[in-house]
Novice: 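Let me begin by handing over the structure; questions about it come next.
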Number of protein chains: 2
Amino acid sequence: MVHTSTTATLQPLVTSLSLRDAISAEEVALIEGLARRRRVLRKGEELVSQHSQPVESCLVLSGFTAREVVLADGKRQITALHVPGDFVDLHALLLKIMDHSVVALTDCEAAYVPHRELLRVMACSSHLGRMFWLSTVIDGAIQRAWITSSGRRSASAHLGHLICELYLRLDAARLAEGGRFTFPVAQSELADALGFSLVHVNRTLQDLRATGFVSWKGSVVTILDFEGLAAFSQFDPTYLNLVKLPR
Amino acid sequence: MVHTSTTATLQPLVTSLSLRDAISAEEVALIEGLARRRRVLRKGEELVSQHSQPVESCLVLSGFTAREVVLADGKRQITALHVPGDFVDLHALLLKIMDHSVVALTDCEAAYVPHRELLRVMACSSHLGRMFWLSTVIDGAIQRAWITSSGRRSASAHLGHLICELYLRLDAARLAEGGRFTFPVAQSELADALGFSLVHVNRTLQDLRATGFVSWKGSVVTILDFEGLAAFSQFDPTYLNLVKLPR
DNA sequence: CGCGCAATTGATTGATGTCAATTGGAGTGG
DNA sequence: CCACTCCAATTGACATCAATCAATTGCGCG
């Protein structure tokens, strides 16, 4: 069952953009003036389907989502994790055809904004246009970091790097506190994000716990020593662009 | 020794953009009207340095380049390969700080366009602005494909997938002919792109040759059976967006 | 011919996947 | 409250894959 309504504040998007550059009151008004529909999705539902040709782009308001590709032999790869405030398929505005799908890892809410509306707002504010562009470009930077982890980091550093990344992104979205955040995702899904087998995720998690940098109980992740974990995982937060600059 | 001059046609860029959407005569004029400086780089030189804050973006006119990250322990990961016509650090227009460097894998020529010039042209043509955005978003799609290869494909399928991708990209740039292209890159560099050890690249290449899909002698790569290689590597070219569509 | 670099090979170690079983915890019906 | 069920987490044993170390070969060039 899909719930749809028109009431939804786009505050998470404003918050996310404001982390990277000042967003004026006029720009906030433009954003809040975007026509959109709201959907509530349950864990496992697709927000956007592979091969579809979206005419609207999808913004996550709450919950965790992932981009995933399923190969012919049934193997699955998650190529990105998204947190509230992320415009998960903004790139569909230009790509036209989705080469992957976006799924809900937890129950979540999303706002769908017609491409026509995005173009209208970008015509009013080229700065907002650049901020939208920026958000797709940050997604790309995160993907490069994943490629690096996958190719050249040990299994525990790969996982540790992901934990550091998630923590900073969630903290920026005010969804983390004191090194702790909730990440209600099964180890099998983590496996698909890391490119590991399920068993290997489990053992890597145990290795990481043994270092004392991280505690992970149920869906609560606690970073006990961020500096230590970051050094161990060779994590450099520059690529997240959590810096307010004129763009 | 760095050679610099101001004469350089940006035709490779026009060709690349024209693959994805019609580019009008006016738009071509706008592109050719971009102020820029030209540099000739030798194999191994850096086009753009990690941690730098570019005020111009770099377009490859000829030769192969790569984005690379070097970790503290000396391990290297190549996160993207670029072919002539690619705007390799267009994203620096928004990211401001480079989280990786771009290096020349072969001797090559590049044009550097000041960000101010890009903003000027985008103000004249919002369509060109979207085409620039598109090119960064295609880079992102390629990166997702790399993540998928790295995480969920066998070593030979990973390499096979990369060969299919390079072939189509080079073919689109008119740098391939009859399944054959020149790729003067050492196995050690291929290793850094695939996230393999050098020895493993060598053996994977032998496996792939044994399938009969590919011949790779010196720097000449010949795809003997594209359909077979694509099926074997689960290669679906959709993500390359080599389709002319209104964007 | 001999140098130097890239490609190749062999042997071994270590990391990771697979298969199969067991444990643990939350929810459910009796 | 207890037994039962289901699913996720965990463990053990083993097979494979891939990294490492250490030669050796092949080739272009002075």
Side-chain angles (χ1 to χ4, degrees), chain A residues 42-44 64 71 73-78 105-107 147-162 182-211 214-222 232-233, chain B residues 42-44 64 71 73-78 105-107 148-160 162-163 182-211 214-221 232-233:
Chain A
R42 287 201 300 189
K43 177 176 168 160
F64 288 98
L71 298 181
D73 55 10
K75 287 179 181 166
R76 182 171 86 139
Q77 177 70 45
I78 289 176
L105 293 180
T106 62
D107 294 348
I147 291 172
T148 303
S149 281
S150 196
R152 293 295 185 227
R153 278 189 249 267
S154 69
S156 8
H158 186 171
L159 175 55
H161 198 277
L162 179 64
T182 302
F183 190 59
V185 159
Q187 291 183 1
S188 63
E189 289 172 318
L190 207 46
D192 288 331
L194 296 166
F196 295 171
S197 69
L198 168 58
V199 171
H200 193 47
V201 167
N202 186 284
R203 289 180 169 138
T204 303
L205 205 40
Q206 290 176 49
D207 289 347
L208 214 51
R209 284 189 191 112
T211 64
V214 178
S215 147
W216 188 315
K217 290 175 184 163
S219 57
V220 178
V221 182
T222 309
F232 172 77
S233 309
Chain B
R42 287 201 301 190
K43 175 175 166 162
F64 288 97
L71 299 181
D73 55 9
K75 288 181 180 166
R76 183 171 84 139
Q77 178 70 46
I78 289 176
L105 294 179
T106 63
D107 293 348
T148 304
S149 280
S150 196
R152 292 297 186 224
R153 281 189 248 265
S154 69
S156 13
H158 186 170
L159 176 55
L162 179 64
I163 291 172
T182 301
F183 191 59
V185 159
Q187 291 183 4
S188 64
E189 289 173 316
L190 208 46
D192 288 331
L194 296 166
F196 294 172
S197 70
L198 168 57
V199 172
H200 192 46
V201 167
N202 186 284
R203 290 180 169 138
T204 304
L205 205 39
Q206 292 178 48
D207 290 346
L208 212 51
R209 285 190 191 109
T211 63
V214 178
S215 147
W216 188 315
K217 290 174 185 165
S219 56
V220 178
V221 182
F232 171 76
S233 309

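Just so we're clear, the structure is a prediction, and the values are computed from it rather than from any experiment. Below, each value reflects all heavy atoms present in this structure, side chains not excepted, and no hydrogens, waters or symmetry copies.
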Novice: Minimum heavy-atom separation for A/Val221 and A/Val214, please, with both atom names.
Specialist: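 The answer is CG1-CG1, 4.3 Å.
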Novice: Side-chain contact test, heavy atoms from C-beta onward, threshold under 4.5 Å: evaluate it for A/Leu71 versus A/Gln77 and give yes or no.
Specialist: no
Novice: Heavy-atom nearest nucleotide on DNA chain C for A/Val199 versus A/Ser154: which residue maps closer to 5'?
Specialist: A/Ser154
Novice: When you measure from every atom of DNA chain D, which of residues 189-196 of chain B have a heavy atom less than 4.0 Å away?
Specialist: B/Gly195, B/Phe196
Novice: Rounded to the nearest 0.5 Å, how far apart are CG of A/Leu205 and CZ of A/Arg203?
Specialist: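 Reported value, rounded in 0.5 Å steps: 12.5 Å.
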Novice: Can you tell me how far apart CZ (B/Arg153) and CG (B/Leu162) are? Round to the nearest 0.5 Å.
Specialist: 11.0 Å
Novice: Any side-chain heavy atom of B/Trp216 sitting closer than 4.5 Å to one from B/Ile163?
Specialist: yes
Novice: Below 3.5 Å, can you tabulate the donor-acceptor pairs from side chains in residues 182-190 of chain A to any protein atom, sequence neighbours excluded?
Specialist:
{"unit_1": "A/Gln187", "atom_1": "OE1", "unit_2": "A/Asn202", "atom_2": "ND2", "d": "3.0"}
{"unit_1": "A/Glu189", "atom_1": "OE1", "unit_2": "A/Ala186", "atom_2": "N", "d": "3.4"}

Novice: Rounded to the nearest 0.5 Å, what separates atom CZ in A/Arg42 from atom CG in A/Asp107?
Specialist: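 If we round to the nearest 0.5 Å, A/Arg42:CZ and A/Asp107:CG are 7.5 Å apart.
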Novice: Quick one: ring pair (Phe, Tyr, Trp, His ring centres under 6.0 Å) partners of A/Phe196, sequence neighbours excluded?
Specialist: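 If we apply the ring pair (Phe, Tyr, Trp, His ring centres under 6.0 Å) test to A/Phe196, skipping adjacent residues, the hits are A/His158, A/His200.
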Novice: Testing the basics here: between A/Asp207 and A/Ser156, what is the closest heavy-atom pair and its distance to 0.1 Å?
Specialist: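 Nearest pair, atom of A/Asp207 first, then A/Ser156: CB-OG, 4.5 Å.
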Novice: Set out, line by line, the N/O atom pairs under 3.5 Å between protein and nucleotides 7-9 of chain D.
Specialist:
{"unit_1": "D/dA9", "atom_1": "OP2", "unit_2": "A/Gln187", "atom_2": "N", "d": "3.1"}

Novice: Partners of B/Arg152 by side-chain hydrogen bond (donor to acceptor under 3.5 Å, both in side chains), sequence neighbours excluded?
Specialist: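 Result, side-chain hydrogen bond (donor to acceptor under 3.5 Å, both in side chains) vs B/Arg152: A/Asp192.
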Novice: Quick check for you: name the first and last nucleotides of DNA chain C, 5' to 3', having an atom under 4.0 Å from a heavy atom of chain A.
Specialist: C/dT16 to C/dC19
Novice: What is the distance, rounded to the nearest whole Å, between atom CG of B/Asp73 and atom C1' of D/dT20?
Specialist: 15 Å
